[in-house]
Amino acid sequence: MNTDFFSPPLYFAIVLAAGNSRRMGVCKASLPWLDGRTLLSYQVEQFLLAGIAPVVVLGPHNSDRQKDCPPSTKIIINPDPSQGKTSSILTGLQLIPKNVQILVISAVDQPRPTAIYQKLLQFQISNAAIITAPTYKGKLGHPLFLANQALPYLEKIREESFGLRQIVQDFYPEIQKVEFDTPIIIADINTPAEYQRQLSL
């Protein structure tokens, strides 16, 4: 009997939350966000609502933020996040099954509502591009949706060779770009001023 039909879709997201938040001054993962959630719990919830299983990468300094994640969330600690965002991606990949169909790479300071994830997921499923990315007024945003065939390239990224940006550069002509009419697509909450601005929108 073929059990593949009954298997859940293998859609995963690596949520990068191990940074030291130097420009913000406080841990971004713990920042209050919408309806009493933290920035981290909001991100995880939106992915779950979209049918995407989150894998959260924390650092030793904020490992207590595991409490913000539902039990269904996979948690892994990057022992040395000072090595850069690439090290967190590689850490998160340790919990991603090899037969993953679609992998999303997202940072905790890039909150997006479920509807955006759902739209990008459907485009990725329908068109089978190696990478699907949102755009706003032609500018590439986040998060990135990667097909299984991108995994071998992702596993080889290194900070000194620009990490994930190198993959985007190498495959740029093949990226399926999905235009949105909201600037949230390009929002990165890096500073207290930007945090307050995003809260006021």
Side-chain angles (χ1 to χ4, degrees), residues 8-98 100-118 120-121 134 141-146 154 159 163-164 184-185 187-201:
L10 290 170
Y11 309 146
F12 285 83
I14 296 177
V15 181
L16 307 171
N20 286 317
S21 308
R22 284 186 292 272
R23 281 181 288 176
M24 184 62 68
V26 296
C27 175
K28 292 179 189 175
S30 64
L31 286 172
W33 197 238
L34 304 177
D35 301 323
R37 305 177 187 89
T38 62
L39 203 53
L40 178 59
S41 62
Y42 174 83
Q43 282 274 55
V44 170
E45 179 183 278
Q46 300 308 301
F47 276 120
L48 287 170
L49 290 171
I52 300 170
V55 171
V56 174
V57 183
L58 296 169
H61 65 286
N62 65 357
S63 59
D64 63 309
R65 301 321 306 184
Q66 295 182 53
K67 64 189 179 187
D68 293 343
C69 302
S72 57
T73 309
K74 294 186 177 185
I75 307 286
I76 190 167
I77 306 298
N78 178 354
D80 189 8
S82 66
Q83 295 299 311
K85 187 178 291 185
T86 297
S87 70
S88 287
I89 294 173
L90 295 173
T91 299
L93 281 176
Q94 296 175 31
L95 296 186
I96 300 299
K98 294 297 183 183
V100 60
Q101 295 174 10
I102 296 170
L103 176 62
V104 186
I105 305 292
S106 178
V108 73
D109 60 1
Q110 298 166 343
R112 313 290 189 248
T114 297
I116 287 175
Y117 299 143
Q118 289 173 326
L120 290 167
L121 181 62
H142 297 280
L144 299 178
F145 280 59
L146 298 94
L154 197 60
E159 194 72 15
L164 190 60
I184 191 67
I185 291 303
D188 289 300
I189 302 174
N190 288 319
T191 64
E194 181 61 18
Y195 169 60
Q196 292 299 330
R197 193 181 77 82
Q198 289 296 326
L199 277 180
S200 67
L201 295 178

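Fair warning: this is a prediction, and the values are worked out from it, not measured in the lab. We use all heavy atoms of the structure for the numbers below, so side chains are in, but hydrogens, waters and symmetry mates are not.
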Roughly how far, to the nearest 0.5 Å, is [atom2] of [Y] from [atom1] of [X]?
X      : Y      : atom1 : atom2 : value
Ile89  : Leu164 : CD1   : CG    : 4.5 Å
Ser106 : Ile52  : OG    : CD1   : 9.5 Å
Lys28  : Asp109 : NZ    : CG    : 3.5 Å

Q.
Between Arg112 (side chain only) and Gln46 (backbone N and O only), is there a donor and an acceptor less than 3.5 Å apart?
A. no
Q.
Looking at Ala107, is its backbone amide N or carbonyl O close enough to the side chain of Gln110 to form a donor-acceptor pair, meaning the two atoms are under 3.5 Å apart?
A. yes
Quick check: do [X] and [Y] have side-chain heavy atoms less than 4.5 Å from each other?
X      : Y      : result
Ser87  : Ser82  : no
Asn78  : Ile76  : no
Glu45  : Thr114 : no
Ile189 : Trp33  : yes
Val15  : Thr73  : no
Leu103 : Tyr11  : no
Pro54  : Lys74  : no

What's the shortest heavy-atom distance between [X] and [Y], and which atoms?
X      : Y      : answer
Ala18  : Ser88  : CB-OG, 3.5 Å
Val57  : Ile14  : CG2-CG2, 3.9 Å
Thr38  : Ser30  : CG2-O, 3.9 Å
Leu154 : Leu90  : O-CD2, 3.8 Å
Pro143 : Val104 : CB-CG1, 3.6 Å
Asp188 : Glu194 : O-CG, 3.3 Å

Q.
Ring-plane angle category for Phe145 and Tyr117, please: parallel below 30°, perpendicular beyond 60°, tilted otherwise.
A. tilted
Q | Residue pairs fulfilling side-chain hydrogen bond (donor to acceptor under 3.5 Å, both in side chains) with at least one residue in residues 51-64, sequence neighbours excluded | A | none
Q. Taking only residues at least two apart or on different chains, which pairs with a member in residues 77-89 satisfy salt bridge (charged side-chain N to carboxylate O under 4.0 Å, His left out)?
A. none
